[in-house]
There are 2 protein chains.
Amino acid sequence: MTSTDPGPLRPTRQRRAVAEALASFADFRSAQEIHDLLRQRGEKVGLATVYRTLQKLADAGEVDMLRSEDGEAVYRRCSESHHHHLVCRHCGATVEVEGPAVERWTRSMAAEHGYADVSHTLEIFGSCPACS
Amino acid sequence: MTSTDPGPLRPTRQRRAVAEALASFADFRSAQEIHDLLRQRGEKVGLATVYRTLQKLADAGEVDMLRSEDGEAVYRRCSESHHHHLVCRHCGATVEVEGPAVERWTRSMAAEHGYADVSHTLEIFGSCPACS
DNA sequence: GGGCGATTGAGAATCATTGTCAAATGCCTC
DNA sequence: GAGGCATTTGACAATGATTCTCAATCGCCC
């Protein structure tokens, strides 16, 4: 089944460390940056473990994952409801935005062309007030 | 200066080959797939050249470039107006969609938070009629 | 035809991400 | 609290896309 089997997911020291690292950031960070932060804090966590943990958190919907323009995966803790991001392309400052208009629009576009089981990705980039 | 003068862009055999390859596809292809096609056709074009050419075409706005879910860059020739894509996640069939609603929405979201110089990316994924 | 800068190609180099597999750990049962 | 066992971890190799290097070629203009 594609329906996610919740699975056990044991709370280990490493997983807690990654979760805390995420909590200390306000914007998107790559797995490598998170790994570096943990290193500096003295937490010993393997890089592969950071990747694995981030993926699981993303699957569980506890963090957002998106691709920066050069294709690198970046993560950020987030509210649980469906939303999108307004990201400053200079400093990375991020605002969560949402609105039924887009959701409705994507759904109707998909329906119009007979597409089922629809999902979408939407990110907005710009210069934040501080960087303009 | 960072602002690079576009420059002439010489029409070479290789660039023509890549352009023709793109013309023969209706959906998104990776640089590697395009390179393979050229190989099969007997055209001798280096992989690095295919990458370079695709990037230039994308910069010039003659092709669309987007990232598949696993971060790979994929390209497709496209109409010139601003639009988005409805992509079948099984077979890759693509439909170009557009609508002022989203454009308006993203602009107003950005304005509301004081962001300037706004751009956005939006892709819709689903199962096309043939794959459902 | 010649000059010359743009372009190409082959392969090395980079770099994020994933796979491997033995060792370590968390949890459950007794 | 000890033992059994599946999950998780970590160090490092492997993968795979993309970029870099640089000498050889090519296209354009005179």
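A, B, ... follow the sequence lines: proteins, then strands. Residue 1 opens every chain.
Straight-line distance from the CG atom of B:L54 to the C1' atom of D:dT19: 14 Å, rounded to whole Å. Rounded to whole Å, atom P of C:dA24 lies 15 Å from atom NZ of A:K44. Rounded to a whole Å, the CD atom of A:E33 is 15 Å from the C1' atom of C:dT17. In this structure, A:H35 atom NE2 and C:dT17 atom C1' are separated by 13 Å, rounded to whole Å. Rounded to an integer number of Å, the gap from B:L47 CG to C:dT8 P is 13 Å. Distance B:Q32 CD to D:dT18 P: 6 Å, rounded to the nearest Å. Atom CD1 in B:I34 sits about 11 Å away from atom P in D:dT18, given to the nearest Å. What separates CZ of A:R29 from P of C:dA16 is a distance of 15 Å, to the nearest Å.
For A:H85 and A:F28, the gap between ring centers is short of 6.0 Å. For A:H120 and A:H82, the gap between ring centers is short of 6.0 Å.
Counting non-hydrogen atoms under 4.0 angstrom, B:Q55 reaches the backbone sugars and phosphates but no base.
Nearest nucleotide to the side chain of B:Q14, out of C:dT8, D:dA17, C:dT18: C:dT8. Counting only heavy atoms from C-beta on, A:R67 has its side chain closest to C:dT17 among D:dG10, C:dT17, D:dA17. For B:T49, whose side chain is taken as the heavy atoms from C-beta onward, the closest listed nucleotide among D:dG10, C:dT17, C:dT8 is C:dT8. Among the nucleotides D:dC12, C:dC27, D:dT18, the one closest to any side-chain atom of A:P11 is C:dC27. The B:Y51 side chain lies nearest to D:dT18 when the options are C:dT20, D:dT18, C:dT18. Comparing D:dT21, C:dT17, D:dT9 against the side chain of A:R52 picks out D:dT9 as the nearest. Here the nucleotide nearest the side chain of A:R15, chosen from D:dT8, D:dT21, C:dA16, is D:dT8. Side-chain proximity of B:A48 to D:dA11, C:dT17, D:dC20: nearest is D:dC20. Minimum atom distance to the side chain of A:E72 is reached by C:dT17, of the listed C:dG9, C:dT17, C:dT18. Listed nucleotides: D:dT9, C:dG9, D:dT18. Nearest to the side chain of A:T12: D:dT9.
Using a 4.5 Å cut-off between side-chain heavy atoms of Ile, Leu, Val, Met, Phe, Trp and Tyr, with links allowed through other members, A:V102 and A:I124 fall into the same hydrophobic cluster.
Shown here are the salt bridge (charged side-chain N to carboxylate O under 4.0 Å, His left out) partners of B:E112, two or more places apart in sequence or in another chain: there are none.
When each of A:V74 and B:G46 is assigned the nucleotide of DNA chain C with its nearest heavy atom, B:G46 is the one assigned upstream, toward the 5' end. Along DNA chain D, the nucleotide closest to B:R13 and the one closest to B:Y75 are compared, and the more 5′ of them pairs with B:Y75.
Between B:E96 and B:R76, at least one side-chain nitrogen of the basic residue sits less than 4.0 Å from a carboxylate oxygen of the acidic one, meeting the salt-bridge criterion.
Remark: A:R89 is not positioned above the aromatic ring of A:F125, lacking an NZ or CZ atom under 6.0 angstrom from the ring centre and at most 45 degrees off the axis.
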